[in-house]
There are 2 protein chains.
Amino acid sequence: MTSTVHWNRGAVELIDQTRLPHHLETLRIETVESMVAAIKRLSVRGAPAIGVAGAFGVVLAMIEADPFTKPEEFDRLLQALRDARPTAVNLAHRVDQVAAVIGGGADAALAEAEAIRADEIRASRAMGDLGADLITELVASPRIRAMTICNTGGLATVERGTALAVIQTLHERGRLELAYPLETRPLLQGARLTTWELQQMEAPFRLVVDSAGPALISRGMVDVVLAGADRIAANGDSANKIGTYSLALASRADEVPFLIVAPESTVDRATVQGSDIEIEMRSEDEVTGFGSTRFAPSGAPALNPAFDVTPASLITAIVTDRRVVHTDRGERPA
Amino acid sequence: MTSTVHWNRGAVELIDQTRLPHHLETLRIETVESMVAAIKRLSVRGAPAIGVAGAFGVVLAMIEADPFTKPEEFDRLLQALRDARPTAVNLAHRVDQVAAVIGGGADAALAEAEAIRADEIRASRAMGDLGADLITELVASPRIRAMTICNTGGLATVERGTALAVIQTLHERGRLELAYPLETRPLLQGARLTTWELQQMEAPFRLVVDSAGPALISRGMVDVVLAGADRIAANGDSANKIGTYSLALASRADEVPFLIVAPESTVDRATVQGSDIEIEMRSEDEVTGFGSTRFAPSGAPALNPAFDVTPASLITAIVTDRRVVHTDRGERPA
């Protein structure tokens with residue numbers, strides 16, 4: 001079983017995701033500085049996984065600088081952890097959660113970080129079970145062909161993940177006929193990471209390019225589509241990796257269930273609707289090539305929206321670690 | 001102006017598309033054997049361009065083996081030309097068209113091949129004019145933001161192309177605000193070739209990943225979507241590069257005109273509807289990486305449908321070199 005991040009004898013151990021899928025290597029992180037560097041270079045990625053790494057990072061900070069004899073140095077280390085990925089609000093939240101118990105000493109902080117990690121594993125198991133139960137209700141076929149996008153597996157959390165946790169649970173229940181992971185341009189998290197996780201769990205799959213997703217749905221080759229979410233508005237509109245919207249459109253056209261799977265913390269009550277979500281525009285270089293390979297001619301300009309917004313009207317249900325929100329029956333997450 | 005293929009002093013000259021976009025090189029082809037090799041390795045691609053190359057290839061064959069003194073050798077050369085890309089029916093058709101006039105000698109054959117080339121240029125100009133006129137009717141805005149997929153430009157024909165010819169005509173008329181070429185995984189014809197052609201015509205553009213297409217349409221950033229076609233069924237259902245269907249779905253959801261632009265020869269009266277079109281499944285290697293770069297882990301299986309089918313019900317109009325078929329008014333191409 002994949003453990004993306006855990007504490008082991010005085011240090012944090014991380015799967016180095018920059019080396020996957022061709023190399024499986026574990027980094028042993030013993031200082032806040034090296035943790036910040038690992039987060040920045042995406043050796044650990046995915047909001048839940050980054051949050052757990054940050055939680056353990058507070059314990060590293062206590063070992064490096066005693067919060068009571070060197071409070072300024074300790075605070076500086078905590079701020080460096082919070083700032084490692086400024087848009088990942090979960091990271092700052094988890095750092096603060098552990099920082100609140102440092103009065104009890106390093107043991108108390110480590111216990112809090114371990115509790116955060118355990119809760120992420122619980123959440124993934126719950127999403128997997130709720131999602132698989134729902135699919136059993138929605139899909140008549142005993143064997144399920146499930147499409148998914150990006151990497152929403154154990155590598156993005158601690159174990160199992162969100163949307164991919166549902167596919168893993170279907171597989172463990174003997175109900176997975178085939179998974180279709182989309183490659184997920186431009187950063188190819190599907191081709192690099194989701195395929196690797198599917199191999200680890202020995203699940204049957206076929207990798208497809210992103211634009212093949214809607215086409216396979218239209219040809220009756222997909223029973224359910226599962227996507228994660230980066231933010232869910234109060235009305236159920238969901239922001240997720242670019243490409244998610246096209247899958248929801250195709251699912252609706254052929255009456256295939258389309259499910260969003262994300263932890264309860266993803267529901268943002270302060271965001272009324274999807275059009276209030278600002279879309280992050282990332283570097284043009286990600287589009288004009290991959291790694292050191294350049295596809296486009298020199299000087300070709302690009303536009304690189306990282307996310308799109310799927311309206312609640314196209315979502316069959318939102319599955320969190322606590323509940324199923326039946327958006328197709330008019331239910332709303334907040 | 002791009003001339004993808006032409007006759008020059010006893011030989012065929014081709015832009016070597018395998019070297020684009022980083023190098024612009026012209027191949028000088030003096031034998032049938034080297035023409036067949038150029039077609040096979042995709043130095044020349046696109047049904048109209050391959051057809052013109054084959055037409056000139058017959059003239060090369062006449063120079064190599066006189067059809068009246070060495071008929072067996074000549075027939076062998078013609079068959080090698082026809083078989084260079086077995087699924088490209090246009091190639092065999094163009095070879096036969098020139099072969100029909102060899103009784104008039106090499107000069108007559110060359111004149112026929114030049115007439116074929118000139119007719120392809122005429123067809124591209126006509127599609128550009130008809131398409132740009134139609135967009136003027138359909139879109140209120142004086143400045144047009146046009147999205148397109150794959151490479152449908154002069155590199156796929158002789159000059160100007162099909163869907164990209166419409167964008168070029170809009171640009172020449174001063175009406176193009178911005179083009180959005182999709183990169184077109186897995187072979188990246190959009191990122192490699194369409195960007196290069198847009199640079200040549202000095203048109204403003206932004207390259208985007210395929211899955212960003214539907215998202216940009218949903219955000220009101222696109223005024224018209226233009227796609228080519230590999231085959232158009234009698235009822236108007238159109239097979240084109242994988243990804244086209246997702247653009248048509250998104251266009252319909254936001255009432256953006258979606259146009260198919262293809263020569264009249266693409267209309268296949270023998271195919272009643274889209275579900276009768278067999279979808280070519282190409283090599284898994286195209287999906288698991290690009291060139292020598294491998295994205296997916298070793299042994300990851302993939303599925304690689306080359307085309308999808310867009311139903312006529314999602315197509316606003318089909319523009320050929322002879323007419324506009326208003327599918328949205330119930331008109332059908334055959």
Side-chain angles (χ1 to χ4, degrees), chain A residues 20-22 149 180 182-186 188 191-192 195-196 198-199 204-216 218-219 221 241-247 249-250 252-253 279 284 286-305 307-309 311, chain B residues 20-22 149 180 182-186 188 191-192 195-196 198-199 204-216 218-219 221 241-247 249-250 252-253 279 284 286-305 307-309 311:
Chain A
L20 289 174
H22 302 304
I149 183 169
Y180 287 114
L182 301 190
E183 65 173 4
T184 319
R185 276 283 289 158
L188 296 164
R192 295 186 297 114
T195 53
W196 183 84
L198 288 164
Q199 284 184 331
F205 72 91
R206 292 290 188 96
L207 175 67
V208 296
V209 298
D210 302 323
S211 64
L216 296 189
S218 78
R219 293 181 81 83
M221 295 169 71
K241 184 64 56 190
I242 193 81
T244 305
Y245 169 66
S246 69
L247 301 180
L249 277 175
R252 175 52 49 94
I279 299 299
E284 298 179 39
E286 293 178 358
V287 176
T288 54
F290 181 78
S292 59
T293 306
R294 291 296 97 190
F295 309 141
S298 173
L303 192 68
N304 186 12
F307 304 104
D308 60 27
V309 174
Chain B
L20 288 174
H22 302 304
I149 184 169
Y180 287 113
L182 301 191
E183 65 174 5
T184 318
R185 278 282 288 156
L188 295 163
R192 295 186 297 114
T195 53
W196 183 84
L198 288 164
Q199 284 183 333
F205 72 91
R206 293 290 189 95
L207 175 66
V208 295
V209 298
D210 303 322
S211 65
L216 297 188
S218 78
R219 294 181 80 84
M221 295 169 70
K241 185 64 55 188
I242 192 83
T244 305
Y245 169 65
S246 70
L247 301 179
L249 276 176
R252 174 53 47 93
I279 299 299
E284 298 180 39
E286 293 178 357
V287 176
T288 54
F290 180 78
S292 59
T293 305
R294 291 296 97 189
F295 309 141
S298 173
L303 192 69
N304 186 13
F307 305 104
D308 59 27
V309 174

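What you see below is based on every heavy atom in this structure, not just the backbone, and it leaves out hydrogens, waters and symmetry mates. Letters A, B, ... are given to chains in the order of the sequence lines, protein chains preceding strands, and every chain is numbered from 1.
- Highest contact tally toward chain B, considering only A/Leu198, A/Asp308, A/Val208, is held by A/Val208 [criterion: heavy-atom pairs under 4.5 Å].
- Contacts between B/Leu188 and chain A at a heavy-atom distance below 4.5 Å involve the side chain alone, from C-beta outward.
- Contact record, B/Pro297 with A/Ala191: CD-O, 3.4 Å, taken as the closest heavy-atom pair.
- When B/Val287, B/Val309, B/Thr184 are compared by the number of non-hydrogen pairs under 4.5 Å with chain A, B/Val287 comes out ahead.
- Neither the backbone nor the side chain of B/Leu247 comes within contact range of chain A; no heavy atom of the residue lies under 4.5 Å from a heavy atom of that chain.
- At a 4.5 Å heavy-atom cutoff, the contact between B/Tyr245 and chain A is made by side-chain atoms alone.
- Each of A/Gly291, A/Ala296, A/Ser292, A/Ala215 has some count of heavy-atom pairs under 4.5 Å with chain B, and the biggest count is that of A/Ala296.
- Looking at A/Ala212, the atoms closer than 4.5 Å to chain B (heavy atoms on both sides) sit in the backbone and in the side chain alike.
- In this structure, CZ in B/Arg219 is found 4.5 Å from CD1 in A/Ile279, a value given to the nearest 0.5 Å.
- Neither the backbone nor the side chain of B/Phe307 comes within contact range of chain A; no heavy atoms are under 4.5 Å apart.
- Proximity to chain B (any heavy atom under 4.5 Å) is restricted, for A/Ser298, to the backbone atoms N, CA, C and O.
- If you take CG on B/Asp210 and CD1 on A/Ile242, they are separated by 11.0 Å, rounding to the nearest 0.5 Å.
- For the set A/Gly299, A/Ser246, A/Pro214, A/Pro311, the count of heavy-atom pairs under 4.5 angstrom toward chain B peaks at A/Pro214.
- Closest heavy-atom contact between B/Ala250 and A/Leu249: CA-CD1, 3.6 Å.
- With a 4.5 angstrom heavy-atom cutoff, A/Arg252 does not touch chain B via any of its atoms.
- For A/Phe290 and B/Phe295, the distance between ring centers is under 6.0 angstrom.
- The CG atom of B/Leu182 lies 12.0 Å from the CZ atom of A/Arg185; values are rounded to the nearest 0.5 Å.
- How far CD1 of B/Ile149 is from OG of A/Ser211: 6.0 Å, rounded to the nearest 0.5 Å.
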**Message:** Let's go through A/Leu303 and B/Leu216 carefully: what are the C-alpha distance in whole Å and the side-chain angles of both, what is the deciding distance for side chain to side chain contact (heavy atoms under 4.5 Å, CB included) to 0.1 Å, and is it a yes or a no?
**Reply:** CA-CA 10 Å; A/Leu303 192 68; B/Leu216 297 188; 4.1 Å; yes
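- Both the backbone and the side chain of A/Pro301 come within less than 4.5 Å of a heavy atom of chain B.
- Heavy-atom pairs under 4.5 Å with chain A were tallied for B/Ser218, B/Ala253, B/Gly213; the largest tally goes to B/Ser218.
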